[in-house]
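When a residue number appears, it is its place in the shown sequence, counting from 1.
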Amino acid sequence: QVQVFEFGGALVQAGDSLRLSCTATGRSFSTYAMGWFRQVPGKQREFVAQISNAGIFTEYGDSVEGRFTIARDNGKKLVYLQMNDLKPEDTALYYCAQASIGYDFDYWGQGTQVTVSS
């Protein structure tokens, strides 16, 4: 059974940095792409970033490009989301997900809250 866990959410001030972490259990971590998404109540889930299984390829949503960095350490079975220059509009519940085929994400964590105060 695949389970995804994300952690590291916090209340921070605008301009601060924060790093989220995520792990997945139940199958080979290094085989599958990983991704980060976020959602604000009443709005659609938004793509944040994704990374290929070996960590070679990354992609970012337009709203975070240049401020957020996704990385993974397959030896530790962790994927990270480094968030710099945080803005109040980054406030959301952040979800980590693991893909099965390509970047089709079908295993999701419960989310970790990031709140950015102005």
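- Enclosure of atom CD in Q110 is not indicated, since only 12 or fewer non-hydrogen atoms of other residues, nucleotides or ligands lie within 6.0 angstrom.
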Item to check | Full working for side chain to side chain contact (heavy atoms under 4.5 Å, CB included) between C96 and V79 | outcome: CA-CA 9 Å; C96 180; V79 61; 3.9 Å; yes
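- Under the 4.5 Å side-chain contact rule for hydrophobic residues, V116 and L18 share a cluster.
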Next on the checklist: With side chain to side chain donor-acceptor pair (under 3.5 Å) as the criterion, how do Q50 and T58 come out once you've worked through the C-alpha distance, each side chain's angles and the decisive distance to 0.1 Å?
Outcome noted: CA-CA 6 Å; Q50 63 188 22; T58 59; over 6 Å; no
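- Contact record, S100 with Y107: OG-CE1, 3.6 Å, taken as the closest heavy-atom pair.
- Residues G102 and A33 approach most closely at O-CB, 3.6 Å, considering heavy atoms.
- Closest heavy-atom contact between Y103 and S52: OH-CB, 3.3 Å.
- Listed here is the closest heavy atom pair of R27 and D106: NH2-OD1, 4.2 Å.
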Item to check | Steps toward side chain to side chain contact (heavy atoms under 4.5 Å, CB included) verdict (Y95, V4) | outcome: CA-CA 9 Å; Y95 294 94; V4 179; over 6 Å; no
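- Using a 4.5 Å heavy-atom cutoff, the side chains of T25 and F5 are in contact.
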Checklist entry - Checking side chain to side chain contact (heavy atoms under 4.5 Å, CB included) for the pair L20/M83: CA distance, chi angles, key distance, verdict? => result CA-CA 8 Å; L20 304 181; M83 304 183 292; 3.7 Å; yes
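- Counting heavy atoms from C-beta outward, Y94 and L81 have side chains that approach closer than 4.5 Å.
- Criterion: ILVMFWY side-chain heavy atoms under 4.5 Å apart, direct or through other members. Under it, M34 and V114 are part of a common hydrophobic cluster.
- Summarising the local packing, NZ of K76 is surrounded by 12 or fewer heavy atoms from other residues, nucleotides or ligands at distances under 6.0 Å.
- Between the side chains of E6 and S21, not a single donor N or O lies within less than 3.5 Å of an accepting N or O.
- By the 4.5 Å heavy-atom criterion applied to side chains, W36 and V64 are not counted as neighbours.
- There is a path of hydrophobic side-chain contacts, each under 4.5 Å, that joins I70 to F29.
- Smallest separation of non-hydrogen atoms from A24 and Q98: CB-NE2, 3.6 Å.
- Within a 6.0 Å radius of CZ in F7, more than 12 heavy atoms belonging to other residues, nucleotides or ligands are found.
- Annotation: cation-pi pair R72/Y80 absent, no NZ/CZ under 6.0 Å from the ring centroid and within 45° of its normal.
- Side chain of S17 to main chain of L86: no donor-acceptor pair is present (N/O by atom type, distance under 3.5 Å, no hydrogens or angles).
- For the pair T91 (side chain) and T115 (backbone), a donor-acceptor distance under 3.5 Å is absent.
- Under a 3.5 Å cut-off, the side chain of T23 and the backbone N or O of K77 do form a donor-acceptor pair.
- Between the R19 side chain and the Q82 main chain, no donor and acceptor come within less than 3.5 Å of each other.
- Side-chain contact of T112 with R38: a donor-acceptor pair under 3.5 Å is absent, judged by distance alone.
- Atom CD of Q13 is surrounded by 12 or fewer heavy atoms from other residues, nucleotides or ligands within 6.0 Å.
- No donor-acceptor contact under 3.5 angstrom links the side chains of N53 and T31, judged on distance only.
- Note: F37 and F105 have perpendicular aromatic rings, judged against thresholds of 30 and 60 degrees for the angle between ring planes.
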Checklist entry - Yes or no on side chain to side chain contact (heavy atoms under 4.5 Å, CB included) for V48 and F68, after CA distance, side-chain angles and deciding distance? => result CA-CA 8 Å; V48 175; F68 290 11; 3.8 Å; yes
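- When every heavy atom of P88 is checked against every heavy atom of S118, the shortest pair comes out as CG-CB, 3.8 Å.
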